[in-house]
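All residue numbers refer to positions in the sequence shown, counting from 1. Quick caveat: nothing in here was measured; it's all calculated off a predicted structure.
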Amino acid sequence: MFKKLITLSFLFCTAQTFAQYNAYELFHPLWNYGPVSSARSAAGTPGPAYWQNVADYKISASLDDTKRKISGDVEITYKNNSPDKLPFLWLQLDQNSFNTQSRGGKTTPVLGGRFGNVAFDGGYAIESVLVDGKPANFIVEDTRMQIRLATPLVEKAGIAKIKIVYSFTSPKNGSDRMGIQETKNGDVYTVAQWFPRMCVYDDIEGWNVLPYLGAGEFYLEYGNFEYSINVPASHIVVGSGELLNPAEVYTAEQMKRWAAAKTSDKTVVIRSAAEVTDAASRPAKDRLTWKFAIKNARDVAFATSKAFIQDAAMINLPSGKKATAVSVYPIESDGDKAWARSTEYVKASIEHYSNWLYEYTYPVATNVAGIVSGMEYPGIIFCGYRDQTASLWGVTDHEFGHNWFPMIVGTNERKFAWMDEGFNTFINFYSTDAFNKGEYKNPKFDMHQIAPRMFRAEADPIMSIPDVIQARNLGWEAYNKPGFGLRILRENILGADRFDYALKQYIKNWAFKHPTPRDFFRAIEDGAGEDLGWFWRAWFYELWKLDQSVKDVVYIDQDPAKGALITIENLDKMAMPAIVEVEMAGGAKERFTFPVEIWQRGASWTFKTVTNLPIKSVTIDPDHVFPDINGKNNTWKPVVYRAPKGN
């Protein structure tokens with residue numbers, strides 16, 4: 001429904017139904033909404049009996065930079081808040097995917113791919129597993145570990161303390177999620193999936209145990225993290241959350257700069273390019289331990305290198321709180337000064353989303369230049385070390401947008417990639433428009449030009465599991481199509497006010513919880529006051545196309561002075577509201593807007609326009625805001641009689 005409807009004299013509509021369009025199919029109540037429960041309400045909010053398990057982590061790890069090996073131990077305090085007894089626990093061992101014998105390895109094409117590994121036999125070496133101080137009965141199956149408890153974990157209050165000692169060798173390129181970038185001043189380690197993590201047990205399907213193959217990302221429990229990273233003293237380490245011991249790991253001069261950066265709106269250099277090769281820029285010790293903490297997070301990641309340039313600045317949050325934007329990058333990234341602006345980009349992105357959607361919740365936001373082309377973790381992102389100025393803004397903004405989806409709103413990325421990538425693509429449109437008064441402003445999107453790519457013959461439904469979506473389609477089905485769909489919903493169906501209000505209510509209600517697509521659909525409908533089943537079905541569940549047209553214009557009594565009857569059509573299975581522009585002889589124009597409900601009456605709609613002049617043209621969707629697959633039938637013009645030549 002549009003924000004403003006023009007009152008018209010609707011004369012009649014036909015009952016004609018085209019072969020493809022079927023009003024009963026499109027407007028049938030959406031079966032995928034599914035049942036509600038005391039845990040999830042019909043309003044798209046957590047119900048009074050909503051529950052969620054908790055996993056707190058204490059991790060200690062050490063890097064051997066000659067063997068590229070990480071060794072560590074993790075202590076997990078797992079609390080069962082569910083109404084069920086748990087006789088066993090499942091953990092994620094995603095590092096095991098980086099192995100030719102894993103499912104991820106065996107499903108990697110011969111030539112490799114972004115989410116595959118070829119000829120690398122990595123994965124975890126598990127030294128020991130304890131539960132409540134006693135050796136555990138466990139099995140490892142691909143990227144999952146099952147711990148079979150001696151006594152079931154009791155419902156609503158059971159707590160298990162798990163300790164795992166492990167090690168692994170880092171792959172050079174870990175499915176574009178982590179890896180090692182070689183530089184002239186040392187390797188840059190971007191480290192993720194680096195400790196065993198609890199699988200989610202939820203009210204939707206119990207244990208969520210899809211194996212990790214690469215394309216589908218993560219679904220994780222929330223908790224508090226404390227972790228320490230022991231590295232050579234020549235290294236600088238950055239990680240999710242707050243650095244707890246800066247005075248122990250920075251030089252005195254770097255501490256002064258660090259303190260200045262935390263109160264500066266301008267970027268402050270902590271370690272310059274010239275200092276990277278200066279031994280005095282690091283404490284005179286053999287090794288150092290960097291300590292970090294973060295609260296109410298899904299995960300943690302870190303990066304370490306002796307090659308890092310580092311800078312930082314203050315982030316201003318709407319509540320008056322402050323956070324810190326940080327960037328680290330090698331000298332190779334400093335050539336065109338793109339990465340010298342990274343902290344500026346981080347600050348702008350975080351401040352924009354905090355003011356629009358929900359306040360950023362972590363004390364630090366860090367951007368790392370490395371081998372990973374773009375990947376997000378709570379409070380830290382990895383971007384390509386060769387990114388140029390405009391592309392670096394885009395990837396930085398996109399990856400930090402993920403701190404809202406799925407770091408704050410904790411969706412299941414293993415099954416619904418669009419609920420993080422599509423949401424994020426959508427919010428990136430507006431942050432890019434706002435950044436630096438339009439320095440990298442988005443182009444005006446012509447949805448008619450985009451439609452053929454969106455509605456490709458080989459497309460997959462958005463609601464497909466990401467590992468099932470073909471690699472060539474992932475960009476459209478996970479990112480672009482849902483992103484454009486949400487933009488159309490905001491700008492051309494609900495209007496910004498109603499959409500933003502409903503979206504912010506959804507974020508507030510599901511912050512640090514686990515919503516499903518159904519919860520989102522219901523939340524937007526209730527918050528905006530609109531039945532949108534027709535939209536969700538056509539855009540997210542089906543592969544339907546949009547084809548609106550102007551069929552005919554008939555003057556009443558063949559006299560333009562008496563007005564005209566204009567007939568528009570909906571020729572394919574998808575439908576959208578209609579915007580019709582009528583241009584008169586002489587150039588005057590009038591626009592008519594119609595709600596999507598006109599298509600409940602059938603595949604065509606006729607309305608009357610009052611004019612004293614002949615009509616020069618009638619165009620449906622004149623601004624190309626809807627993805628019409630066939631723009632050739634969008635405009636009607638009168639047939640002009642031309643006498644044969646020679647007469």
Exercise. If you round to the nearest 0.5 Å, how far is CD1 of Ile164 from CD1 of Ile126?
Worked result: 6.0 Å
For this session: State, with a plain yes or no, whether a side-chain heavy atom of Val74 is found less than 4.5 Å away from one of Lys163.
Result: no
Exercise. Any donor-acceptor pair under 3.5 Å linking the side chain of Arg144 with the backbone of Val209?
Worked result: yes
For this session: Start with the C-alpha distance between Leu63 and His235, add both sets of side-chain angles, then the distance that settles side-chain contact (heavy atoms from CB on, under 4.5 Å), and finish with yes or no.
Result: CA-CA 11 Å; Leu63 170 67; His235 281 227; 3.9 Å; yes
Exercise. What is the minimum heavy-atom distance between Phe429 and Gly483, and which atoms define it?
Worked result: CE1-O, 3.6 Å
For this session: Indicate yes or no: at least one non-hydrogen side-chain atom of Val326 is less than 4.5 angstrom from one of Trp258.
Result: yes
Exercise. When the ring centroid of Trp404 is compared with that of Phe423, is the distance short of 6.0 Å?
Worked result: no
Exercise. Do Thr267 and Arg341 meet the criterion of a side-chain donor-acceptor pair at a distance under 3.5 Å?
Worked result: no
Exercise. After noting the C-alpha distance and the side-chain angles of Asp176 and Ser373, does the key distance pass the side chain to side chain donor-acceptor pair (under 3.5 Å) rule?
Worked result: CA-CA 7 Å; Asp176 208 22; Ser373 62; 2.5 Å; yes
For this session: Decide ring-ring contact (aromatic ring centres under 6.0 Å, His included) for Phe195 and Tyr57; before the verdict, give the C-alpha distance in whole Å, the side-chain angles of both, and the deciding distance to 0.1 Å.
Result: CA-CA 10 Å; Phe195 58 95; Tyr57 295 83; 5.4 Å; yes
Exercise. In terms of side-chain geometry, is the basic nitrogen of Arg177 or Glu376 positioned less than 4.0 Å from the acidic oxygen of its partner?
Worked result: no
Problem set entry | Whether Tyr212 side chain and Gly216 backbone form a donor-acceptor pair below 3.5 Å | no
For this session: Output the distance between atom CD1 (Ile427) and atom OG (Ser349), rounded to the nearest 0.5 Å.
Result: 7.5 Å
Problem set entry | No-hydrogen, no-angle side-chain donor-acceptor test under 3.5 Å, Ser431 and Asp397 | yes
Problem set entry | Check: Tyr377 ring centroid to Phe382 ring centroid under 6.0 Å | yes
Exercise. Between Phe435 and Tyr345, is the ring centre distance below 6.0 Å?
Worked result: yes
For this session: Would you please test Asp132 and Leu130 for side-chain contact (heavy atoms from CB on, under 4.5 Å) and show each step?
Result: CA-CA 6 Å; Asp132 298 330; Leu130 303 177; over 6 Å; no
For this session: Answer yes or no: are there more than 12 heavy-atom neighbours, outside Asp278 itself, under 6.0 Å from its atom CG?
Result: yes
Exercise. With a 4.5 Å heavy-atom cut-off, do Lys322 and Leu317 have their side chains touching?
Worked result: no
Problem set entry | Rounded distance [0.5 Å steps], CZ in Arg197 versus CG in Asp299 | 4.5 Å
Problem set entry | Polar contact flag, side-chain donor to acceptor under 3.5 angstrom, Ser342-Tyr329 | no
For this session: Any chance you could lay out the ring-ring contact (aromatic ring centres under 6.0 Å, His included) test for His398 and Tyr479, step after step, and finish with the verdict?
Result: CA-CA 11 Å; His398 179 81; Tyr479 296 72; 5.7 Å; yes
Exercise. So, the side chain of Ser97 versus the backbone of Asp94: is there a donor-acceptor pair under 3.5 Å, distance only?
Worked result: no
Exercise. Just by distance, with hydrogens left out, do Tyr124 and Gln95 show a side-chain donor and acceptor under 3.5 Å apart?
Worked result: no
Problem set entry | Expected output: side-chain Tyr222 to main-chain Met407 donor-acceptor under 3.5 Å | yes
Problem set entry | Donor-acceptor contact present, side-chain Asn412 to main-chain His514, <3.5 Å | no
Exercise. If you draw a 6.0 Å radius around NZ in Lys321, do more than 12 non-hydrogen atoms from other residues or ligands fall strictly inside?
Worked result: no
For this session: First locate atom CG of Leu288, then atom CG of Asn230, and finally report the distance between them rounded to the nearest 0.5 Å.
Result: 8.0 Å
For this session: Would you mind reporting whether Val276 and Phe308 have side-chain heavy atoms less than 4.5 Å apart?
Result: no
Problem set entry | Derivation and outcome, side chain to side chain donor-acceptor pair (under 3.5 Å), residues Asp202 and Tyr219 | CA-CA 11 Å; Asp202 63 22; Tyr219 186 34; 2.8 Å; yes
Exercise. Can any side-chain N or O of Asp142 pair as donor or acceptor with the backbone N or O of Arg103 at less than 3.5 Å?
Worked result: yes
Exercise. How are the rings of Trp356 and Phe426 set relative to one another: parallel (under 30°), tilted (30 to 60°) or perpendicular (over 60°)?
Worked result: tilted
Problem set entry | Donor-acceptor side-chain pairing of Asn316 and Asp265 below 3.5 angstrom | yes
Problem set entry | Glu221 side chain near Gln52 side chain, heavy-atom distance below 4.5 Å | yes
Problem set entry | Residue pair Asn367, Ser327: steps toward the side chain to side chain donor-acceptor pair (under 3.5 Å) verdict | CA-CA 5 Å; Asn367 196 3; Ser327 297; 4.9 Å; no
For this session: Output yes when a side-chain donor or acceptor of Ser240 lies under 3.5 Å from a complementary backbone atom of Ala301, and no otherwise.
Result: yes
For this session: Output yes when Lys347 and Glu344 qualify as a salt bridge under the 4.0 Å nitrogen-oxygen rule, no when they do not.
Result: no
Exercise. Step by step, would you call Ser272 with Glu275 a side chain to side chain donor-acceptor pair (under 3.5 Å)?
Worked result: CA-CA 5 Å; Ser272 69; Glu275 292 171 318; 3.2 Å; yes
Problem set entry | side-chain contact (heavy atoms from CB on, under 4.5 Å), paired with Trp290, selected from Thr304, Ile236, Val238 | Ile236
Exercise. Quick one: does Ser60's side chain have a donor or acceptor within less than 3.5 Å of a partner on Gly72's backbone?
Worked result: no
Exercise. Closest heavy-atom contact between Val188 and Ala369?
Worked result: CG1-O, 3.5 Å
For this session: Inspect the contact between Arg257 and Asp311 and indicate whether a charged nitrogen and a carboxylate oxygen are less than 4.0 angstrom apart.
Result: no
For this session: Step by step, work out the side-chain contact (heavy atoms from CB on, under 4.5 Å) result for Lys161 and Ile76.
Result: CA-CA 6 Å; Lys161 291 187 177 293; Ile76 308 171; over 6 Å; no
Exercise. Any idea how Tyr166 and Phe168 line up, ring-wise: parallel (<30°), tilted (30 to 60°), or perpendicular (>60°)?
Worked result: parallel
Problem set entry | Cationic tip of Arg271 above Tyr250 ring, under 6.0 Å, 45° of axis | no
Exercise. Are Arg414 and Glu205 close enough for a salt bridge, meaning some N to O gap below 4.0 Å?
Worked result: no
Problem set entry | Candidate pair Met178 and Tyr189, rule side-chain contact (heavy atoms from CB on, under 4.5 Å), full reasoning | CA-CA 8 Å; Met178 60 168 294; Tyr189 292 82; over 6 Å; no
Exercise. So, Arg298 and Glu413, do they make that salt bridge, N to O below 4.0 Å?
Worked result: yes
Problem set entry | Residue pair Ser319 / Glu359, side-chain donor-acceptor N/O under 3.5 Å | yes
Exercise. Does the distance from a Lys or Arg side-chain N to an Asp or Glu carboxylate O, for Asp56 and Lys79, drop under 4.0 Å?
Worked result: no
Exercise. Any chance the side chains of Asp420 and Thr411 put a donor and an acceptor closer than 3.5 Å?
Worked result: no
Exercise. Taking Asn53 for the side chain and Ser82 for the main chain, is one N or O donor matched with an acceptor at less than 3.5 Å?
Worked result: yes
Problem set entry | Check: Gln388 side chain, Arg386 main-chain N or O, donor-acceptor pair, under 3.5 Å | yes
Exercise. Can you tell me how far SG of Cys199 sits from CD of Gln92, rounded to the nearest 0.5 angstrom?
Worked result: 4.5 Å
